[in-house]
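Below is one structure, written out as structure tokens; comments come after it.
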Amino acid sequence: IRSHCNIINDSQILILDQFTTRLLSSCCKMSNLMSEGITIVEDLHKNREPVPEMKAIYFMRPTAECIDKFIDDFKPKPKYKAAFVFFTDYCPDDLFDKMKKNCAKHIKVCKEINISFLPLEAQVSVSGDAFSLLYSPNSKDRDQTLETIANQIVTLCATLDEYPGVRYKKDSANGNKLAELVDNKLARHYELDDNSKKKGKTPALLLIVDRALDPVSPVLHELTYQAMAYDLIPIKDNTYEYDTDGSKKEALLNEEDELWVKLRHMHIAEVTGQIPKLVKEISASRDEKKQADGKITIGGLSQVMKKMPGFRKQVTQKTVHISLAEDLMNHYQKNVEKLCKAEQDLAVGADADGQKVKDPMRTLLPVLLHPHDTTDKIRAVLLYIFSLNGTTAENLNKLIQHVKIEEESGYILNWKHLGVPILSTPSMFSFRKPSRRDRSDQETYNVSRWTPVIKDIMEDAVENKLDVKDWPYQSECPSAWNGSRAVSARQKHKGSSPDDLRSGSRLIVFVLGGVSYSEMRCAYEVTHANKSCEVIIGSTHILTPRGLLEDIYNLGKQPMEIVLSLGYMKQ
């Protein structure tokens with residue numbers, strides 16, 4: 001974006017739609033934009049005062065709605081001196097022709113940037129919540145939704161400069177369709193590349209995974225710091241509200257918080273182990289500040305002033321995470337601890353001693369008899385059903401009555417729309433759970449024994465062990481792909497940083513239907529264990545357990561109810 005903006009020397013107005021506003025917010029600050037000559041940022045869809053002496057940069061999605069708003073800015077009278085138009089991805093010919101016909105003389109630049117995804121973290125991206133459009137039995141936009149998602153995945157690959165081989169999970173209708181769309185669109189994209197030279201496959205693999213592959217991970221109470229925080233604390237827009245010295249404060253949990261990045265994938269037991277150290281550091285820092293206040297000399301004043309912003313930032317970050325960790329431990333000791341053992345036994349199918357759970361109902365009953373809130377009981381019931389690959393109608397009715405959700409049984413029944421077995425049938429023999437890796441030699445906490453299925457998939461892919469019967473090819477990977485031993489021809493040197501140690505091969509995993517924080521963590525863990533292959537994980541959106549249950553419940557609504565409650569393709 002910066003390189004494209006540099007073509008203009010005067011101060012400019014930047015005009016964004018809802019999606020590109022979020023996109024830029026995830027990448028840069030207002031100060032970054034101002035350093036590039038952007039003095040005003042406006043919303044494309046709101047009424048704006050004309051500024052005919054200034055040039056306008058439009059960064060928007062290539063949709064009919066955005067194009068119409070753009071045309072309105074220049075007909076009948078132009079609001080701006082000139083327009084520099086940048087689309088997030090490929091603009092359909094009919095929309096391009098419409099824009100050209102009405103505003104050609106005002107457009108100085110028109111480019112497709114190929115970035116119609118949100119880069120949430122260093123190795124995580126999302127494209128937009130399309131859950132109801134993908135899985136609702138009332139959805140009439142499923143094909144168009146998959147088309148949109150395919151375009152977004154192509155822009156992710158283009159941004160990474162990868163032309164990957166594509167594989168998908170067998171028996172996933174959405175996954176099969178999406179893999180075909182992505183592969184065709186990738187071929188078209190690299191035929192039309194600005195380099196005027198057809199690009200060959202790169203040492204990368206794209207895996208298309210459907211949410212039904214692992215319904216367990218997003219339902220469990222996860223005890224690593226980030227996942228636990230977003231499950232138990234009302235964090236909105238990545239903002240955590242906390243009390244300090246009797247006043248309310250807010251903190252952003254994002255990549256700029258170095259302590260958050262360091263702690264987010266640790267188990268809460270390890271995070272709390274860091275708390276005494278952080279408290280000690282803060283106390284020491286305050287003591288040093290008091291001493292420095294009494295010893296400031298004219299010559300040393302500038303050095304002290306330079307250090308102060310960094311000092312304040314470090315103290316604030318430590319205070320934030322001490323508060324957050326304490327909040328989480330209060331929740332854990334009050335309620336979550338009692339749930340975790342039963343949940344883990346149901347998910348893993350064995351207790352902490354490795355003994356197989358022979359009667360899952362005996363594991364579930366204590367949860368149902370305890371005064372847990374209704375959502376926690378629904379989560380436990382779902383884990384019970386998942387452990388059996390479905391239960392009888394009679395048993396299911398009893399469970400629904402016990403939890404007292406007769407009027408809201410969709411929280412459980414609607415999982416069938418994802419392809420997850422809820423009722424057992426004579427044909428259930430055809431459904432089988434994915435085989436799991438043996439991790440018995442790995443040290444784990446008794447309340448955190450479950451490993452997301454996607455980690456097995458990632459490790460098998462990196463080691464080139466994915467069964468072709470279960471994971472057919474939409475297009476073959478280049479011969480150079482050999483998992484952890486793949487070497488990119490584009491790698492010119494080897495440095496000493498973690499990024500440089502990777503050979504350039506990438507595994508891109510895209511999860512249709514949302515990805516949980518525990519699954520996001522797996523991308524980092526597998527990358528760290530196999531530094532020659534970087535794992536990027538993408539999805540339609542990020543899941544929290546309660547948010548997913550609401551999405552599942554909404555699948556039973558009529559189309560207009562879905563639109564009113566969720567919005568179309570939430571961005």
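Contact annotation: the side chain of Val216 never approaches that of Leu382 to less than 4.5 Å [non-hydrogen atoms, C-beta and beyond]. Inter-residue side-chain proximity for Asp376 and His370 is flagged as unmet; no heavy-atom pair is nearer than 4.5 Å. In this structure, Val515 and Phe510 have side chains that are not in contact, with every pair of non-hydrogen atoms separated by 4.5 Å or more. Looking only at side-chain heavy atoms (C-beta outward), Asp456 and Arg436 come within less than 4.5 Å of each other. The shortest side-chain heavy-atom distance between Met60 and Thr88 does not fall under the 4.5 Å cut-off. The shortest distance between side-chain heavy atoms of Leu14 and Ile40 does not fall below 4.5 Å. Residues Arg379 and Leu549 meet the side-chain proximity criterion, which asks for heavy atoms closer than 4.5 Å. The closest side-chain heavy-atom distance from Trp415 to Leu555 is not below 4.5 Å.
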For Val126 and Ile542, what are the C-alpha separation, side-chain angles and deciding distance, and is it a side-chain contact (heavy atoms from CB on, under 4.5 Å)?
CA-CA 7 Å; Val126 295; Ile542 308 301; 3.5 Å; yes
For side-chain contact (heavy atoms from CB on, under 4.5 Å), just list the numbers for Leu328 and Val336, CA-CA rounded to whole Å, side-chain angles, deciding distance to a tenth of an Å, and then say yes or no.
CA-CA 10 Å; Leu328 294 178; Val336 176; over 6 Å; no
Would you sort out whether Thr224 and Arg521 count as a side chain to side chain donor-acceptor pair (under 3.5 Å), showing the intermediate values?
CA-CA 9 Å; Thr224 48; Arg521 184 187 76 247; 3.1 Å; yes
Given Tyr411 and Glu550, is the side chain to side chain donor-acceptor pair (under 3.5 Å) satisfied, shown in steps?
CA-CA 7 Å; Tyr411 284 115; Glu550 288 305 316; 2.8 Å; yes
Stepwise, does the salt bridge (Lys or Arg N to Asp or Glu O under 4.0 Å) test hold for Asp551 with Arg546?
CA-CA 9 Å; Asp551 284 343; Arg546 291 174 187 269; over 6 Å; no
Show the numbers, then the answer: is there a side-chain contact (heavy atoms from CB on, under 4.5 Å) between Glu459 and Val526?
CA-CA 7 Å; Glu459 290 174 339; Val526 175; 4.0 Å; yes
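Test Thr155, Thr148, Thr159 against Ser116 for side-chain hydrogen bond (donor to acceptor under 3.5 Å, both in side chains) and you get one pass: Thr155.
Heavy atoms from other residues, nucleotides or ligands lying under 6.0 Å from CZ of Arg362 number 12 at most. More than 12 non-hydrogen atoms from other residues, nucleotides or ligands lie less than 6.0 angstrom from CD of Gln333.
Annotation for Ser125 and Phe117: closest pair CB-CD1, 3.7 Å, computed over non-hydrogen atoms. Between Ala523 and Val535, the shortest heavy-atom distance links the atoms O-CB, 3.7 Å. The minimum heavy-atom distance linking Ile385 with Pro421 is given by the pair CG2-O, 3.9 Å. Between Ala212 and Leu418, the closest heavy-atom pair is CB-O, 3.1 Å. Across Asp438 and Asp441, no two heavy atoms sit closer than the pair O-OD1, 4.3 Å. Annotation for Asn414 and Gly556: closest pair ND2-N, 3.3 Å, computed over non-hydrogen atoms.
Ring-plane geometry between Tyr225 and His321 is classed as tilted, the angle between the planes lying from 30 to 60 degrees on a 0 to 90 degree scale.
Here the side chain of Asp210 pairs no donor or acceptor atom with the backbone of Leu213 at under 3.5 angstrom. Between the side chain of Thr272 and the main chain of Ile268, a donor-acceptor pair closer than 3.5 Å is present. Proximity of a side-chain donor or acceptor of Lys377 to a complementary backbone N or O of Leu368 within less than 3.5 Å is detected. Distance alone, capped at 3.5 Å, is enough to place a donor-acceptor pair between the Thr544 side chain and the Gly547 backbone. In terms of modelled atom types and a separation under 3.5 Å, the side chain of Ser139 and the main chain of Ser136 share no donor-acceptor contact. Thr20 contributes a side-chain N or O that, together with a main-chain N or O of Phe59, makes up a donor-acceptor pair within less than 3.5 Å. The closest donor-acceptor contact from the side chain of Lys531 to the backbone of His528 lies under 3.5 Å. The backbone N or O of Ala352 sits nowhere less than 3.5 Å from a side-chain atom of Asn446 that would complete a donor-acceptor pair. In this structure, Glu222 contributes its side chain and Met228 its backbone to no donor-acceptor pair below 3.5 Å. Judged by distance alone, with hydrogens and angles left aside, the side-chain atoms of Arg211 form no donor-acceptor pair with the main-chain N or O of Leu512 at under 3.5 Å.
When only modelled atom types and interatomic distance are considered, Asp257 and Tyr240 share no side-chain donor-acceptor pair under 3.5 Å. Under 3.5 Å, the side chains of Thr391 and Asn395 contain a donor-acceptor pair of N or O atoms. No side-chain donor from either of His331 and Asp231 sits under 3.5 Å from a side-chain acceptor of the other.
Looking at residues two or more places apart in sequence or on another chain, you find a side chain to side chain contact (heavy atoms under 4.5 Å, CB included) between His45 and Asp17, Asp43, Glu65, Cys66, Lys69. In this view, Leu252 and Asn238, Thr239, Asn254 satisfy the side chain to side chain contact (heavy atoms under 4.5 Å, CB included) rule, not counting sequence neighbours. The salt bridge (charged side-chain N to carboxylate O under 4.0 Å, His left out) check on Lys398 picks up Glu394, with sequence neighbours excluded. For Pro360, the side chain to side chain contact (heavy atoms under 4.5 Å, CB included) partners are Leu346, Val357, Tyr384, Ser387, Leu388, not counting sequence neighbours.
Between Leu413 atom CG and Ile400 atom CD1 the span is 4.5 Å, to the nearest 0.5 Å. Between the CD1 atom in Ile208 and the CG atom in Asn174 there is a gap of 11.0 Å [rounded to 0.5 Å]. For the atom pair Ser539 OG and Ile537 CD1, the distance stands at 7.5 Å (nearest 0.5 Å). Between the CG atom in Leu383 and the CG atom in Leu364 there is a gap of 9.0 Å [rounded to 0.5 Å]. Atom CG of Leu207 sits about 9.5 Å away from atom CD1 of Ile508, to the nearest 0.5 Å. Note that OG of Ser516 is 6.5 Å distant from CG of Leu543, once rounded to the nearest 0.5 Å.
Aromatic ring centroids of Tyr445 and His267 lie under 6.0 Å apart.
Among residues at least two apart or in separate chains, side chain to side chain donor-acceptor pair (under 3.5 Å) pairs with a member in residues 336-357 are His221-Glu343, Lys341-Asp345, Asp345-Arg449. Under the salt bridge (Lys or Arg N to Asp or Glu O under 4.0 Å) criterion, no residue pair touches residues 321-333, with sequence neighbours excluded.
The pair Lys236-Glu241 fails the salt-bridge criterion, with no side-chain N (NZ, NE, NH1 or NH2) lying under 4.0 Å from an Asp/Glu carboxylate O. Using a 4.0 Å cut-off between a side-chain N of Lys or Arg and a carboxylate O of Asp or Glu, Arg264 and Glu121 qualify as a salt bridge.
For Arg439 and Trp450, the positive end is not near the middle of the six-membered ring at less than 6.0 Å and at most 45° from its axis.
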